[in-house]
J.: 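Here it is, the structure, as structure tokens.
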Amino acid sequence: MTNTVAPDPSARPPMVPLATLLGRELRGSKSEKPVVRFGHANLAKRGEDLFLIKPECFRVPGNSSSTFSVFAIFDGHNGVSAAVFAKEHLLDHVLSAIPQGISREEWLRVLPRALVAGFVKTDIDFQRKGEVSGTTATLVVVDGSTVTVGCVGDSRCILDSRDGVVSLLTVDHRLEENAEERERVTASGGEVGRLNLCGGQEIGPLRCWPGGLCLSRSIGDTDVGEFIVPIPHVKQVKLSSAGGRLIIASDGIWDALSSEAAAKSCRGLPADLAAKLVVKEALKTSGLKDDTTCLVVDVIPSETVSLPSSPRRNQNKFRSLLFGKRSQNIVGKLVNKLSSVGSVEELFEEGSAMLEERLGSDFPCKTNSSTFRCAICQMDQAPNEGLPASPSPYCSPTSKPWEGPYLCEECRRKKEAMEGKRPSATAVSR
């Protein structure tokens, strides 16, 4: 028979060192996905900047483990209609181009292609309205540590990593700076030149004519011509274990601040204050010459969420008051360990304006034995109502006439007009 001793209810539990408690707290809060925190700030000059913030979207409806976040900026011109339309419809069109029931890995793999289809469909649908405004569009999808950015125009997205390296995740589609885009526009039937005053004097940035737009890619701009394409530059990266900060802003910021200056101006601040400070710095530099909008998105490893996010100059004081000098050193070592930065991994980047190159030959299009789905508008049609975006070199037209991505008649006309192979609808109506 074994003798047992009843526990003393008055006995205190053994003391646990603070470092052990902190370690338990950090390990207990660890999860697969980092935490996303964000802030925004904007000042209006013309009222044509719009932004979209959707911090909790679902790849699988109702499944909390399938969440992702979306952030976007739309900088309208010649009116706000195109920006409003893109804000309301672009994300839905992108998501509708992604097959249902696929894994997260496959979802991320097809997302760049879905961005192309969604941007083009948004442009086609808006041009049906017959309005002449246009908009830039920069759409950012954050799924865990994977960041995917699609953009047309000059609303920029930058990544500021924990080691202070600033990377550009977008391409500015300005005719003045982008020689490749100038060549594409002229090859597709547009003219590029500066505004011509009386006497032959040329002023201002390079523009495309007709229309006089400074950009080579946008959504809308029906009055300019189909050589102004809505096909986005897409870049997808995987952040290091240390996370990073995204700054997404309209050209009201970037005309005043370089990418490095914008990132440096708000380091150490939480996202909401950082966005306000970037706008303030831009105004200090150039004044309110344009609509000025900034979104700041912090992708924070879950291990560091419980640690202070206040500015660096206040962190030491905060830790000293809370933990004392000895514990401050422990926390500092933890911060240094958690902030060790690996390289940002580039998963995908493509900026071609050729639609068949962007959709690829394996774009899912067959819905059942008798109908096919357009790779852009996602409308079902019988085989004789559409054509593949490009013929497959691996089969003869007679044996497999429907190999590859399919475009309905309207989307095929859009593709050919963008490439200068036929007049656009607006050119015909002039």
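Everything quoted here is computed from the prediction, not taken from an experiment.
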J.: Check for a donor-acceptor pair, side chain of Arg207 on one end and backbone N or O of Gly212 on the other, with a separation under 3.5 Å.
T.: yes
J.: Compute whether any side-chain donor of one residue and acceptor of the other, for Glu281 and Ser265, lie under 3.5 angstrom apart.
T.: no
J.: Can you name the residues that form a side-chain hydrogen bond (donor to acceptor under 3.5 Å, both in side chains) with Asp143, not counting sequence neighbours?
T.: Lys33, Arg59, Arg104
J.: If the condition is side-chain hydrogen bond (donor to acceptor under 3.5 Å, both in side chains), which residues does Glu349 pass it with, not counting sequence neighbours?
T.: His233
J.: Salt bridge check: are Arg109 and Glu106 linked by an N-O gap of less than 4.0 Å?
T.: yes
J.: In the structure I gave you, are the side-chain heavy atoms of Arg162 and Pro301 within less than 4.5 Å of one another anywhere?
T.: yes
J.: What residues form a side chain to side chain contact (heavy atoms under 4.5 Å, CB included) with Ile53, not counting sequence neighbours?
T.: Phe38, His40, Phe51, Pro55, Phe71, Leu295
J.: Measuring only between side-chain heavy atoms, which start at C-beta, is Val147 closer than 4.5 Å to Val141?
T.: no
J.: Under the ring-ring contact (aromatic ring centres under 6.0 Å, His included) rule, collect the residues that match up with Trp107, sequence neighbours excluded.
T.: Phe68
J.: Is a donor on one side and an acceptor on the other found under 3.5 Å between the side chain of Glu181 and the backbone of Leu175?
T.: no
J.: Could you pull out all residues at least two apart from Phe227 that satisfy ring-ring contact (aromatic ring centres under 6.0 Å, His included)?
T.: none
J.: For Ser155 and Thr138, which I'm curious about, is there any donor-acceptor pair between the side chains at under 3.5 Å?
T.: no
J.: Classify the ring geometry between His89 and Phe85 as parallel (under 30°), tilted (30 to 60°) or perpendicular (over 60°).
T.: tilted
J.: Can I get a per-line list of side-chain donor-acceptor pairs under 3.5 Å for residues 115-123, giving both atom names and the distance, sequence neighbours left out?
T.:
| residue | atom | partner | partner atom | Å |
| --- | --- | --- | --- | --- |
| Lys121 | NZ | Asp125 | OD2 | 3.2 |
| Thr122 | OG1 | Gly118 | O | 2.7 |
| Asp123 | OD1 | Gly220 | N | 2.8 |
| Asp123 | OD2 | Gln127 | NE2 | 3.4 |
| Asp123 | OD2 | Lys414 | NZ | 2.4 |

J.: Should Val344 and Lys238 count as side-chain neighbours, where that means a heavy-atom distance under 4.5 Å?
T.: no
J.: Kindly compute the distance separating OG (Ser218) from CG (Asn78), expressed to the nearest 0.5 Å.
T.: 10.5 Å
